[in-house]
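Small disclaimer: the values here were computed from a predicted structure and weren't measured. Letters A, B, ... are given to chains in the order of the sequence lines, protein chains preceding strands, and every chain is numbered from 1.
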Protein chains: 2
Amino acid sequence: MERVPSELVAFAHRLADAAGEIQRRWFRTPLAVDTKADASPVTAADREAEALLRELVTRHRPEDGVLGEEHGRERLDAEWVWVFDPIDGTKSFLAGRPLFVTLIGLLHEGRPVLGVIDQAILGERWLGVAGRPTLFNGRPCRTRPCPELAQAFLACTSPQMFAHRNERAGFERVLSRVRHAIFGGDAYNSGLLALGFLDLVVEADLEPYDVLPLVPVIEGAGGRLTDWQGRPPNLASDQRMVAAGDARLHSLALALLAQA
Amino acid sequence: MERVPSELVAFAHRLADAAGEIQRRWFRTPLAVDTKADASPVTAADREAEALLRELVTRHRPEDGVLGEEHGRERLDAEWVWVFDPIDGTKSFLAGRPLFVTLIGLLHEGRPVLGVIDQAILGERWLGVAGRPTLFNGRPCRTRPCPELAQAFLACTSPQMFAHRNERAGFERVLSRVRHAIFGGDAYNSGLLALGFLDLVVEADLEPYDVLPLVPVIEGAGGRLTDWQGRPPNLASDQRMVAAGDARLHSLALALLAQA
């Protein structure tokens, strides 16, 4: 496994710091909300944060590629590609819930090798780097064992994300078998899974920049993250993910989802 | 409207402080989880917090009544009755999400006249006292105007709380008409409504101690909270609530829910 150069880790922290500064400035202020083509909300805070992250990449890493939510894609064939969602959980941000996060991911030749999940209001940051233990605020963290669905604590952002009937049916097969389920949370749920407080995260209707940054965080904490067919996420991935803290649980959930 | 004596307001703060201390001690520690008859989780933290609140009431306000989640009811015919849920949002607590709250309510001759919503990890406290503006961390807060469903931001803890088909249909009528919806959050959603970041909260499967503390907080911020038939909550209330920051929105939501 290739080593991620330390200056790239430092740069990922710098990107997360920059996004967090903007979020702290706008959080719980009255914000005009636009509605995008997919009916999801977007604000000046999302746009300002992404523009700043792009500017930082262009200035300091001009040869690297970029994929972001609001302003499209550039140089996706570069050796290193940054993917980011400056505010994952825009609805949480708008509602005043401090669970939205900044997601920063780095791909090396198409494979996710670094991920940051940052909650700027709470001062919480997860860092995953391929081949290293995931760090939560600088200290290693681990998922917890959970070999069976009947013991599992499932998180899902919204039942509205399952647009197709077979997706909803797949999700409901899992939902009906777990011990507890909690809704809301967006990518923050994957951070809690890496800390060992959730066992399973099932989501749909995502984009590559929502998923790729999570992979090194979850894998470095001992978990697994794939799409609903069990494939590792990549830039061309579909929009559905299943993450589990325990590989046995991942297989069981996958068996119920793969039919969808 | 009767004035709430200032020593009762001080005592409500003291109860919230005591519960918060216990929550901060247990939050994000490995906790054994029991499952109650209604399939909801309960932990040692819930039980310890409620036992302490009851002990404080018995010691300092021996003539007052008490209604809590874990240990039942005493002296509900007293002039003053305390109702509390020491950890509202036990699933959030277990998942490591700092959105669970302590709810403290005070009834005078059966009417809710004081409510506290406290988030001990974030250091956020809402205080509502009948006839006074609601305070958020000591400063007055207000709901925002939102006269129409098509502009409204709705919150609901879980689609699983609508056990009966007609309840679910009522909720889905509202859901299909609002601008945005967010899931999760429990009683914290009512705090965000009082701050003007959400417009509508629709819940079912609640108990009086989940709802009564919210009434003075929401009314003192300019909002309305009733059951799905438009009745003010009381100790014998049913388990469904609709809260809105704008009375016009409340009426519109009620028209869609009252058939359920």
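Contact count against chain A (heavy-atom pairs under 4.5 Å) is highest for B:L192 among B:L31, B:L192, B:L175. Between chain B and the options A:Q160, A:R28, A:R144, the largest number of non-hydrogen pairs under 4.5 Å is found for A:R28.
The two atoms that bring B:Y188 and A:G96 nearest to each other are OH-O, 4.2 Å, heavy atoms only.
From A:L94, atom CG reaches atom NE2 of B:H180 across 7.0 Å, with rounding to the nearest 0.5 Å.
Within the 4.5 angstrom heavy-atom criterion, no atom of A:T90 approaches chain B. Heavy atoms of A:Q151 lying under 4.5 Å from chain B are absent altogether. In this structure, chain A has a heavy atom under 4.5 Å from the side chain of B:L99, while its backbone stays farther away. B:T29 touches chain A through its backbone: at least one of N, CA, C or O sits under 4.5 Å from a heavy atom, while the side chain does not. Looking at A:L122, only its side chain comes within 4.5 Å of chain B, counting heavy atoms on both sides. In this structure, the portion of B:T157 lying under 4.5 Å from any heavy atom of chain A is its backbone and not its side chain. Within the 4.5 angstrom heavy-atom criterion, no atom of B:E172 approaches chain A. With a threshold of 4.5 angstrom between heavy atoms, A:R179 approaches chain B through side-chain atoms but not through N, CA, C or O.
Heavy-atom neighbours of chain A within the stretch residues 193-211 of chain B, taken at a separation under 4.5 angstrom, comprise B:L195, B:F197, B:L198.
Side chain of A:R97 to backbone of B:N189: no donor-acceptor contact under 3.5 angstrom is found.
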